[in-house]
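Note that the structure is a prediction, hence the values are computed from the model and not measured.
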There are 2 protein chains.
Amino acid sequence: MTQASYSIKVVVQQTGLSSHVIRIWEKRYGAVVPLRTNSNRRAYSDAEIERLLLLRDATHAGHAIGSIASLPNDCLLRLIKGGSSSTLGDACPEEVQNRCMVAIRALNTRELEDVLQLGLLHLGQHGILERVIGPLAKTIGDLWREGIITAAHEHFASAIIRNFLVRNYKPFSQSADMPTLVVGTPAGQLHELGAVMVAAAANDLGWRVIYLGAGLPAAEIAGAALQNKARAVALSIVYPTDDPGLPEELRRLRSHLGSIPVIVGGRAAVAYAGVIEEIKADHPATLSALSKRLDAIREAAERAPIRAQGNSRTDPQS
Amino acid sequence: MTQASYSIKVVVQQTGLSSHVIRIWEKRYGAVVPLRTNSNRRAYSDAEIERLLLLRDATHAGHAIGSIASLPNDCLLRLIKGGSSSTLGDACPEEVQNRCMVAIRALNTRELEDVLQLGLLHLGQHGILERVIGPLAKTIGDLWREGIITAAHEHFASAIIRNFLVRNYKPFSQSADMPTLVVGTPAGQLHELGAVMVAAAANDLGWRVIYLGAGLPAAEIAGAALQNKARAVALSIVYPTDDPGLPEELRRLRSHLGSIPVIVGGRAAVAYAGVIEEIKADHPATLSALSKRLDAIREAAERAPIRAQGNSRTDPQS
DNA sequence: TGGCACTTGTCTACTTTTCGTCTAAAGATT
DNA sequence: AATCTTTAGACGAAAAGTAGACAAGTGCCA
């Protein structure tokens with residue numbers, strides 16, 4: 001069995017590391033020592049490329065290469081993911097949340113980023129998502145409704161939190177058999193923070209996420225899901241709570257999607273409980289519940305890999 | 001054995017490889033060894049041509065011919081398909097752009113991210129921003145207006161490009177004396193791609209960027225700028241081109257901002273040239289022009305640190 | 001505070017290997 | 001006769017190897 005081997009050129013392309021760095025890491029720290037060809041060229045295996053990716057992410061996350069180069073892969077993974085959640089108890093989520101709100105009201109980009117980063121360090125990935133960003137989204141929504149902060153604050157916070165999540169929730173090494181999840185908010189819903197959180201959580205759970213952002217008509221959400229054979233669709237509904245058009249929009253979505261599971265989350269979901277029930281959508285109350293639900297869907301799908309639903313037209317592209 | 005056989009000339013035409021290359025691959029690596037006629041001419045079968053095509057694509061993807069020539073066909077296929085992140089033959093921006101559009105229309109998250117990453121590698125930060133993402137934003141806008149792609153595609157592309165820029169552009173070596181720039185799109189303008197590009201470019205030039213996202217009223221943009229003592233405000237205007245409310249919105253912005261420089265970019269800016277002139281805003285035609293303008297503003301500010309400038313457009317941009 | 005060692009990414013100089021191209025001469029095909 | 005193929009070999013640009021220098025950042029210590 002001739003295992004495929006890759007030249008350093010290919011490794012550079014795949015990792016984004018320079019050949020210099022790859023070589024010096026090998027020389028100084030023995031981070032990845034590939035086999036050699038007869039002519040002394042380095043020949044990397046898939047596993048070695050994977051390890052280089054882990055090292056890249058770990059160093060990018062602030063760890064010194066010299067102190068992590070000899071760690072086994074699973075330790076690296078823990079470093080990159082929520083691993084360092086040794087939960088230094090001295091930073092309670094409320095404190096982090098408060099400081100976030102101060103930074104948001106001051107429109108202070110740097111402060112907000114710093115506080116989030118600090119919170120990540122102390123609370124771990126799960127912690128900051130569930131105990132800071134989640135409540136924060138709720139608070140922002142409330143204050144905005146009361147006119148205490150403006151849409152600018154809301155947009156500002158959304159953008160930075162989104163960036164924060166993007167930067168820190170690195171996509172897992174994508175493999176072909178990952179299930180696909182389409183995430184967005186339906187037409188009329190303009191707050192995308194909830195959707196961003198769902199996307200981050202699902203990504204963390206090993207889903208391939210197609211993030212569509214805010215305010216899309218049902219037909220387009222459904223089109224995206226069908227086009228990519230999505231395993232599920234997740235919507236976030238925060239405000240307004242009394243949109244008369246939304247129930248019809250949800251029904252339309254269901255009729256397009258056939259039997260694909262739909263998950264509806266967010267503060268205002270209770271206000272539409274009737275329709276949600278009607279279209280047989282899930283409504284997890286917390287992020288943990290959402291995670292459980294996603295796991296369940298994936299497991300069910302793995303048990304019955306080919307979806308034999310009567311999906312007549314796969315491409316409703318006009 | 002009615003197997004069709006082809007002369008080397010035919011193979012050259014079908015594969016695009018030169019006869020020299022085909023022969024040297026055979027001689028050096030035994031990549032494809034065709035049967036011979038009685039007179040010692042090479043006689044290629046369909047399967048051999050197929051294999052040559054695979055080898056061509058794999059080498060084009062960055063793999064060394066010497067290390068792949070002996071792999072079986074299915075391995076080659078895997079190298080080409082699985083390693084799609086490295087299939088960029090030419091480093092020409094048009095090619096990158098095309099592949100981006102294909103990925104966007106397929107809503108293929110991974111492919112789009114890979115192509116962008118690869119493009120960054122080949123074209124550099126400046127290159128990919130100006131020569132890929134810029135034109136891409138324009139193309140997306142055009143196709144959307146023509147109804148060829150949907151808002152979902154536009155949102156999808158915006159989100160991923162945004163994430164890409166966030167991930168790859170200088171995190172922030174923020175220092176206290178960096179000038180502040182407020183970036184967003186005015187109310188009614190929903191395409192945020194242009195604003196994202198401006199934010200990335202400005203960040204790269206050493207500005208502290210406050211990114212507000214799309215669709216904000218003038219009062220809030222101005223509020224954010226004043227609250228943070230912004231040195232300038234940049235707006236992106238792409239569509240619609242005939243919003244009757246927009247001129248008034250821009251005038252309102254100017255009256256709130258006092259003499260703070262305003263920069264208006266984007267495809268539709270020409271449609272509002274009158275107001276832009278009226279409120280003494282800049283309208284750089286390209287990203288380079290924008291960069292120059294930002295540099296000029298910063299220099300002017302450094303020379304006169306306290307903002308007492310009666311700024312009346314120092315740069316008569318075409 | 002300055003000095004010193006250590007870390008880490010980048011860069012240069014130089015050699016070897018790889019790989020596509022080219023030439024020349026001879027045989028085959030049209 | 002003119003054009004193609006084949007073979008063998010030579011050539012040069014690009015890629016990849018090694019060794020070592022260097023600068024910026026960091027931490028420690030007097």
Asks: Side chain of A:Lys27: nearest nucleotide among C:dT29, C:dG9, D:dA19?
Replies: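 The answer is D:dA19, which lies nearest to the side chain.
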Asks: Hey, does the side chain of B:Arg42 come within less than 4.0 Å of D:dT6's phosphate (OP1/OP2), counting only N and O?
Replies: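 Yes, such a contact exists.
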Asks: Answer yes when A:Glu26 and A:Arg36 have at least one side-chain N-carboxylate O distance shorter than 4.0 Å, and no when they do not.
Replies: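 The answer is yes: the pair qualifies as a salt bridge.
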Asks: Given C:dA28, is OP1 or OP2 found less than 4.0 Å from the side-chain N or O atoms of B:Asn38?
Replies: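 No, no such contact exists.
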Asks: Rounded to whole angstroms, how far apart are CZ on B:Arg41 and C1' on C:dT30?
Replies: 10 Å
Asks: Quick one: A:Ile24 CD1 to C:dT12 P, roughly how many Å, whole number?
Replies: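 Checked: the CD1 to P distance equals 15 Å.
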Asks: I want to check one thing: is the phosphate of D:dA15, taken as OP1 and OP2, less than 4.0 Å away from some side-chain N or O of A:Ser19?
Replies: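 It does not, given that no N or O in the side chain of A:Ser19 lies less than 4.0 Å from OP1 or OP2 of D:dA15.
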Asks: Looking at the side chain of A:Ile65, which of D:dT7, D:dT5, C:dT8 is the nearest nucleotide?
Replies: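 Of the options given, the side chain of A:Ile65 lies nearest C:dT8.
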Asks: With respect to the phosphate group of C:dT29, does any side-chain polar atom (N or O) of B:Ser39 fall under 4.0 Å of OP1 or OP2?
Replies: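 Checking B:Ser39 against C:dT29: at least one side-chain N or O falls below 4.0 Å of OP1 or OP2.
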Asks: For residues B:Gln97 and B:Thr139, report the shortest heavy-atom separation together with the two atoms involved.
Replies: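 What the structure gives for the nearest pair is NE2-OG1, 3.5 Å.
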Asks: Are B:Asp295 and B:Arg298 close enough, and set up right, to give a salt bridge (charged side-chain N to carboxylate O under 4.0 Å, His left out), and what steps lead you there?
Replies: CA-CA 5 Å; B:Asp295 278 339; B:Arg298 186 172 49 183; 3.2 Å; yes
Asks: In this structure, how many angstroms lie between the C1' atom of C:dC19 and the CD1 atom of B:Ile68, rounded?
Replies: 12 Å
Asks: Pick the closest DNA chain C nucleotide for A:Thr59 and for B:Gly66 by heavy atoms, then say which residue is nearer the 5' end.
Replies: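 Upstream on the strand: A:Thr59.
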Asks: Shorter than 3.5 Å, N or O on both sides, protein versus nucleotides 27-29 of chain D: list them out with atom names.
Replies:
none

Asks: C:dT7, OP1 or OP2 - any side-chain N/O from A:Tyr29 closer than 4.0 Å?
Replies: no
Asks: For A:Ile8 and D:dT18, what is the distance between atoms CD1 and C1' respectively, to the nearest whole Å?
Replies: 12 Å
Asks: Examine D:dG17: is either OP1 or OP2 under 4.0 Å from a nitrogen or oxygen in the side chain of A:Arg23? Give yes or no.
Replies: yes
Asks: Look at A:Arg36 and D:dT18 and indicate whether a side-chain polar atom (N or O) is within less than 4.0 Å of OP1 or OP2.
Replies: yes
Asks: Could you tell me whether the side chain of A:Thr59 and the main chain of A:His63 form a donor-acceptor pair under 3.5 Å?
Replies: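 A pair under 3.5 Å: no.
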Asks: Looking at every heavy atom in both B:Thr15 and B:Arg56, which two are closest together, and how far apart are they?
Replies: O-NH1, 2.8 Å
Asks: Measure the distance from CD1 on B:Ile22 to C1' on C:dC19 and round it to the nearest whole Å.
Replies: 15 Å
Asks: If you assign each of B:His20 and A:Arg28 to its closest nucleotide in DNA chain D, which residue comes earlier from the 5' end?
Replies: B:His20
Asks: Would you mind checking if A:Glu94 and A:Arg131 are paired as a salt bridge, meaning a charged N to carboxylate O distance below 4.0 Å?
Replies: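 Here A:Arg131 does not pair with A:Glu94 in a salt bridge, since their nearest N and O are not under 4.0 Å apart.
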Asks: Identify whether any heavy atom of B:Ser18 sits under 4.0 Å from a base atom; if not, whether one sits that close to sugar-phosphate; answer base, sugar-phosphate or nothing.
Replies: sugar-phosphate
Asks: Using side-chain heavy atoms (C-beta onward) and a distance below 4.5 Å, is A:Tyr44 in contact with A:Val10?
Replies: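 A side-chain contact under 4.5 Å is absent here.
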Asks: Rounded to whole angstroms, how far apart are NZ on A:Lys9 and P on C:dT18?
Replies: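 Answer to the nearest Å: 15 Å.
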Asks: From CH2 of A:Trp25 over to P of C:dT7, roughly how many Å is that when rounded to an integer?
Replies: 16 Å
Asks: Distance check needed: C:dG9 P versus A:Glu26 CD, whole Å only.
Replies: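 Roughly 15 Å, once rounded to whole Å.
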Asks: Can you name the closest pair of heavy atoms from A:Leu55 and A:Ala31 and give their distance?
Replies: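 The answer is CD1-CB, 3.7 Å.
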